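Working notes, structure below.
Quick caveat, the model's predicted, so the values are computed rather than measured.
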Amino acid sequence: MSVNFLLCVLLSAPEKPKRSALNQLTRTLLRRYDCGVRPVLNWTSPTVVFIDLIIQSVLEVDGQTQKVTTSIWYRQIWKDEFLVWDPEEFDGITEISLSSDAIWVPDIIISEFVDEGRSPAIPYVYVNSSGTVKNYKPIQVVSACDLEIYAFPFDKQNCTLTFRSWLHSVSEVDLALWRTAEDIANDTREFMNDGEWELLSVPSHYWKLNLADRDYAHIQFNVLIRRRPLLYVVSLLIPSIFLMVVDVISFYLPPNSGTRITFKTSILLGYTVFRVNLMDEIPATAIKTPLIGIFFAVCMALLVLSLAKSIFIVKLLHHSEKEVKEMSISACLLDKYGSTDQTFSESLFTSVRTLDDIDHSGGYEFDLSPETDLLSLTEAPDSVPQLEKVLQEMVSLRLHLQEEENDGVAQAEWLALCYKVDKFLFRIYLLILLVYSSTLLLLWSSWSSA
């Protein structure tokens, strides 16, 4: 009875499931695996690590800190001689994924690496039955780069990514390209070509560095990129050129009016505000300044020079002006000649050579030739004082009109001289502006077409 009961219990018990082929293969491979040992059967044989990369995008170029942030697809392939199996023994499995922490991984670093990017963590690698390990992962690289920003915004940059083993020499870990250098250099199909930067090519080469009698393998990728200048031309150069053209046109305003100085001051103020608002758009370093920054500084200096020239011309125009009293002609004359009889007599004989046949209300005629004595004039009838007053007014009026005429001629000559000086200074200013602008345009056009 008890025997039958035991048989029934054994038959009714659930059968223990068998491990899957993938589980068995993983346990078999990692049972005695040591991830701290280089995976070679002969320790004198180097482990060759094949490297390949594809540039996906240029995220940021920081000229002030000399850093470049790029997004790349990175591939490492090497042979692990301890991870080899026969697919027929494991249900035909030819490739599995293993944790990268469970196996040996080469210590390949980027020499220009300066900061941790936001790279996603990929904890697995692929291993096939022949022992080939494939480590594929995207990397956001923040690397140091010697940026040449002098030609901004028509600049090109050559940033390097140098891969090497941190510890192992060539006799232990050697490097090689997975694809040919030509294929890597011309592979731009995955690059996001809608941003500020254009990928030109990615040339690469292999070289060794000898340190302490040991050679270390290096593979260097040169990422050649070029900036698209259209955005900066529209937002920086064209507004600045327009302001300079308006400043040149303002020279056609009359120099003897205050409108020119007011207008030029407004242009200078507007250019200053424009320059301050766009200061962050221009890259800068501690020892280098881009040419466009020098262009803005020179443009502001030319605007200041233009304003100073206009102030100088206005100063010349008003240099010979005198304050004119607001009074009547007779008041001016009395104020000038009505003090004493001595002043009148001297003015009369120095200004009028002869005054003959003056007819007055009394019908007297006087000979006012130079030989006439003043005593005979004082012996005239009672109407002589009135005649003296009239003569005094007439002579003084003539002197005043002659003085105004002389002042008007001198003022016209001075005004013509100031206009000539203004035209001469304008031509010098225009020549300086044209030479400077032509030089910059030639430089920028040669850089953009290179």
Side-chain angles (χ1 to χ4, degrees), residues 18-54 72-143 161-179 206 208-209 211-212 214-219 221:
K18 295 182 180 180
R19 293 189 179 95
S20 64
L22 180 61
N23 193 320
Q24 291 181 5
L25 175 59
T26 303
R27 292 173 64 88
T28 301
L29 294 176
L30 301 179
R31 181 179 296 119
R32 296 181 180 179
Y33 191 92
D34 189 354
C35 61
V37 178
R38 190 166 58 90
V40 290
L41 298 177
N42 184 2
W43 67 272
T44 60
S45 300
T47 300
V48 180
V49 179
F50 295 92
I51 293 177
D52 188 22
L53 66 81
I54 298 175
I72 65 175
W73 290 353
Y74 176 61
R75 294 192 292 182
Q76 285 181 346
I77 299 97
W78 69 92
K79 179 70 175 293
D80 192 324
E81 298 180 5
F82 297 155
L83 300 178
V84 180
W85 71 90
D86 186 1
E88 296 182 357
E89 296 180 1
F90 297 95
D91 201 14
I93 298 176
T94 59
E95 190 174 44
I96 62 173
S97 62
L98 297 176
S99 174
S100 58
D101 296 332
I103 65 173
W104 181 88
V105 177
D107 57 339
I108 305 300
I109 64 168
I110 300 176
S111 300
E112 295 83 3
F113 186 81
V114 294
D115 194 5
E116 293 184 3
R118 300 177 181 178
S119 304
I122 308 297
Y124 296 101
V125 295
Y126 270 115
V127 183
N128 62 21
S129 59
S130 62
T132 302
V133 183
K134 300 176 182 178
N135 186 11
Y136 296 172
K137 56 184 176 180
I139 302 178
Q140 188 178 103
V141 182
V142 182
S143 58
L161 297 176
T162 305
F163 293 84
R164 67 183 181 91
S165 174
W166 176 252
L167 182 63
H168 299 89
S169 63
V170 174
S171 60
E172 297 172 331
V173 175
D174 198 4
L175 302 180
L177 293 174
W178 181 249
R179 294 183 295 168
Y206 171 88
K208 297 179 182 180
L209 177 65
L211 291 175
R214 301 183 68 183
D215 291 331
Y216 294 87
H218 292 70
I219 291 183
F221 297 91

Are [X] and [Y] close enough that some pair of their side-chain heavy atoms sits under 4.5 Å apart?
X    : Y    : value
W104 : T47  : yes
P138 : I122 : yes
D80  : V127 : no
S165 : P106 : no
I110 : F221 : no

Output the distance between atom [atom1] ([X]) and atom [atom2] ([Y]), rounded to the nearest 0.5 Å.
X    : Y    : atom1 : atom2 : result
S111 : L209 : OG    : CG    : 9.0 Å
L22  : I96  : CG    : CD1   : 6.5 Å
L83  : Y33  : CG    : OH    : 4.5 Å
Y136 : Y126 : OH    : OH    : 10.5 Å
R31  : Q24  : CZ    : CD    : 9.5 Å
D101 : Y124 : CG    : OH    : 9.5 Å

Determine whether S97 and V125 satisfy the following criterion, side-chain contact (heavy atoms from CB on, under 4.5 Å), listing intermediate values before the conclusion. CA-CA 5 Å; S97 62; V125 295; over 6 Å; no
Please report the C-alpha distance between E112 and T162 in whole Å, then the side-chain angles of each, then the deciding distance to 0.1 Å, and finally whether the side-chain contact (heavy atoms from CB on, under 4.5 Å) criterion is met. CA-CA 7 Å; E112 295 83 3; T162 305; 2.8 Å; yes
Step through the shown structure and confirm whether more than 12 heavy atoms of other residues, nucleotides or ligands are within 6.0 Å of CG on D215.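 Check passes, neighbour count above 12.
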Taking atom NZ of K79 as the centre, does the number of heavy atoms from other residues, nucleotides or ligands within less than 6.0 Å exceed 12? yes
Verify, without hydrogens or angle tests, whether [X] (side chain) and [Y] (backbone) share a donor-acceptor contact under 3.5 angstrom.
X    : Y    : value
R38  : W43  : yes
W85  : I93  : yes
S129 : D86  : no
Y74  : N135 : no

Mind running side-chain contact (heavy atoms from CB on, under 4.5 Å) on E172 and R214 for me, showing each step along the way? CA-CA 11 Å; E172 297 172 331; R214 301 183 68 183; 3.8 Å; yes
Might you point out which heavy atoms bring [X] and [Y] nearest each other, and give the distance in Å?
X    : Y    : answer
S143 : L161 : OG-CD2, 3.8 Å
R164 : A217 : CB-O, 3.4 Å
L41  : F82  : CD2-CE2, 3.4 Å
V40  : S45  : CG1-O, 3.8 Å

Derivation of the side-chain contact (heavy atoms from CB on, under 4.5 Å) call for L53 and F163: CA-CA 11 Å; L53 66 81; F163 293 84; 3.4 Å; yes
Answer with yes or no whether the side chains of N128 and T94 bring together a donor and an acceptor at under 3.5 Å. no
